[in-house]
Amino acid sequence: MTTRMTTRMTTSEHVIETDGLSRRYGRKLALDRLDLRIPRGRIHAIVGANGAGKSTLFRILLGFLAPSDGEARILGRDSQWLTPEDRGRIGFVNEEHTLPGWMRVSAIADMQRRAYPRWNARAYDEVIGHYRVLPEQKVGQLSRGERAGFNLALALAQSPELLILDEPTLGLDVVAKRAFLESLMYSNAADDCTVIYCSHQMEEIERVADNLIILELGRLMHMSAPEEFCARVSHWVADIPFKGPEPATIPGLLERQRLDGLHHYLVLDQDAAFAEFLRGAGARSIQSMPVSLDRAVNAFLAKNHAAPAAAAA
Ligand SMILES: Nc1ncnc2c1ncn2[C@@H]1O[C@H](COP(=O)(O)OP(=O)(O)OP(=O)(O)O)[C@@H](O)[C@H]1O
């Protein structure tokens, strides 16, 4: 009795739960004992370098791939045993925007309306209204941006509890990307569901995400509000004669550069004591400044820094 109650409570709090989730492809470990809890509500961004394991994670969560070890639950269900009803509670849009090119927009929308009992025509109209998509057009005739918008309209009209967007704007130009983000951010339907947004586009993450999840080599490296992550990374500029300190001795070093005779350091988890370190290395002047999310995440990923995961929000 107690166990069942606990299970139910956990499922209402988290849309995604993985415990020791691993996935091997031959000798390659794509997910490495991943423990991830994504709370219900809001927009969660998953970022990671190429090969970090994001697509593998989604494929397991959607039940298309089996774990090698561990467990994955989505909306409280074991991802390997999803029923059609469970799947109806999950919307999924990826970069391929795979819909039959020969079918008309109106025919697909009708088909989806019949397939999903909680079909929300207002949400569909609201999102598709951002695009110049005509009902009589065939999917194959739509531009990439229109196809992305059409997919988003279909996914949101399904009234999903969870919407997974896996690089939805890949290959779109700046105008189409903006249209996609705006139609997502201003959709009332998106307010009612938890969104998981996977992208390499940091400016998109900056605009939409309430929670930033960083994966690296199949492991959880960080999870917090984006601004909290930004606060972990600082940029220091020091006027140090000659070479400056040895990289291996610089605490938290992510990235260093020498520009116009000044030493620039991007460091992780350093406070005022870092100025002391630079002074000790012979710095005559020191300046510190905040960094953008884009720079912070890119430097973090490039460094392959083995920081412990922050506590789940
Ligand atoms: N079918 C497969 N067979 C062998 N190795 C695979 C297979 N699919 C993925 N991998 C490997 O698993 C690792 C994780 O791949 P995955 O596609 O999940 O990463 P990703 O984070 O989605 O990358 P990207 O950002 O480039 O899409 C990679 O090293 C990849 O080479």
Side-chain angles (χ1 to χ4, degrees), residues 15-38 43-74 79-80 82 90-98 144 147-148 151-152 155 162-172 176-177 180-181 184 194-209 211-224 226 229 254 293-307 309-310:
V15 286
I16 304 286
E17 296 165 286
T18 73
D19 288 304
L21 185 67
S22 295
R23 171 67 208 198
R24 277 181 188 286
Y25 297 103
R27 290 195 301 141
K28 191 168 266 178
L29 193 54
L31 292 177
D32 185 6
R33 291 160 292 169
L34 180 68
D35 293 324
L36 179 64
R37 299 264 181 286
I38 301 187
I43 302 185
H44 306 265
I46 300 191
V47 304
N50 291 127
K54 303 175 297 291
S55 301
T56 301
L57 174 64
F58 290 143
R59 276 154 60 203
I60 293 178
L61 288 171
L62 295 166
F64 301 143
L65 190 70
S68 307
D69 217 341
E71 279 179 32
R73 283 181 298 286
I74 183 163
S79 72
Q80 300 305 295
L82 296 179
I90 305 163
F92 181 60
V93 176
N94 69 2
E95 92 274 17
E96 287 161 19
H97 305 302
T98 41
R144 276 188 79 95
R147 222 166 24 238
N151 271 273
L152 181 65
L162 174 63
L163 174 62
I164 298 180
L165 303 170
D166 185 9
E167 298 230 41
T169 63
L170 200 73
L172 303 192
K177 271 184 193 162
F180 187 92
L181 284 190
L184 173 69
T194 308
V195 178
I196 295 183
Y197 196 100
C198 178
S199 174
H200 289 286
Q201 317 287 322
M202 225 43 73
E203 69 282 2
E204 292 181 7
I205 303 293
E206 206 149 21
R207 283 192 71 190
V208 303
N211 186 26
L212 175 74
I213 296 164
I214 304 181
L215 290 189
E216 195 169 77
L217 297 173
R219 276 171 285 173
L220 176 65
M221 300 302 287
H222 179 93
M223 174 153 139
S224 77
F229 179 72
L254 295 176
L293 184 67
D294 184 24
R295 259 201 103 189
V297 171
N298 288 337
F300 184 84
L301 293 178
K303 174 66 183 164
N304 190 16
H305 192 99

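We count ligands from 1, going down the list as the structure has it; atoms in each ligand are counted the same way. Small disclaimer: the values here were computed from a predicted structure and weren't measured.
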Minimum-distance pair of heavy atoms, taken over all atoms of [X] and [Y]:
X     : Y     : answer
Ala49 : Lys54 : O-NZ, 3.0 Å
Leu31 : Gly53 : CD2-O, 3.6 Å
Ala30 : Thr56 : CB-OG1, 3.9 Å

Please tabulate, one line per pair, the protein nitrogen or oxygen atoms found under 3.5 angstrom from a nitrogen or oxygen of ligand 1, with distances to 0.1 Å, or say none if there are no such pairs.
| unit_1 | atom_1 | unit_2 | atom_2 | d |
| --- | --- | --- | --- | --- |
| ligand 1 | 18 (O) | Thr56 | N | 2.9 |
| ligand 1 | 18 (O) | Thr56 | OG1 | 2.5 |
| ligand 1 | 19 (O) | Gly53 | N | 3.3 |
| ligand 1 | 21 (O) | Ala52 | N | 3.1 |
| ligand 1 | 21 (O) | Gly53 | N | 2.9 |
| ligand 1 | 21 (O) | Lys54 | N | 2.9 |
| ligand 1 | 21 (O) | Lys54 | NZ | 2.8 |
| ligand 1 | 22 (O) | Ser55 | N | 2.8 |
| ligand 1 | 22 (O) | Ser55 | OG | 2.8 |
| ligand 1 | 23 (O) | Gly51 | N | 2.8 |
| ligand 1 | 25 (O) | Asn50 | ND2 | 3.4 |
| ligand 1 | 25 (O) | Lys54 | NZ | 2.8 |
| ligand 1 | 25 (O) | His200 | NE2 | 2.9 |
| ligand 1 | 26 (O) | Asn50 | ND2 | 2.8 |
| ligand 1 | 29 (O) | Lys28 | NZ | 3.4 |
| ligand 1 | 31 (O) | Lys28 | NZ | 3.2 |

Is the shortest side-chain heavy-atom distance between Val93 and Ile164 below 4.5 Å?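 They are not in side-chain contact.
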
Pairing of Asp19 and Arg73 as salt bridge, 4.0 angstrom limit: yes

Atom pairs and distances, donor-acceptor, side-chain atoms in residues 200-209, under 3.5 Å, two or more places apart:
| unit_1 | atom_1 | unit_2 | atom_2 | d |
| --- | --- | --- | --- | --- |
| His200 | NE2 | Glu167 | OE2 | 3.2 |
| Gln201 | OE1 | Lys177 | NZ | 3.2 |
| Glu204 | OE1 | Thr169 | OG1 | 3.2 |
| Glu204 | OE1 | Tyr197 | OH | 2.7 |
| Glu204 | OE1 | Ser199 | OG | 3.4 |
| Glu204 | OE2 | Thr169 | OG1 | 2.7 |

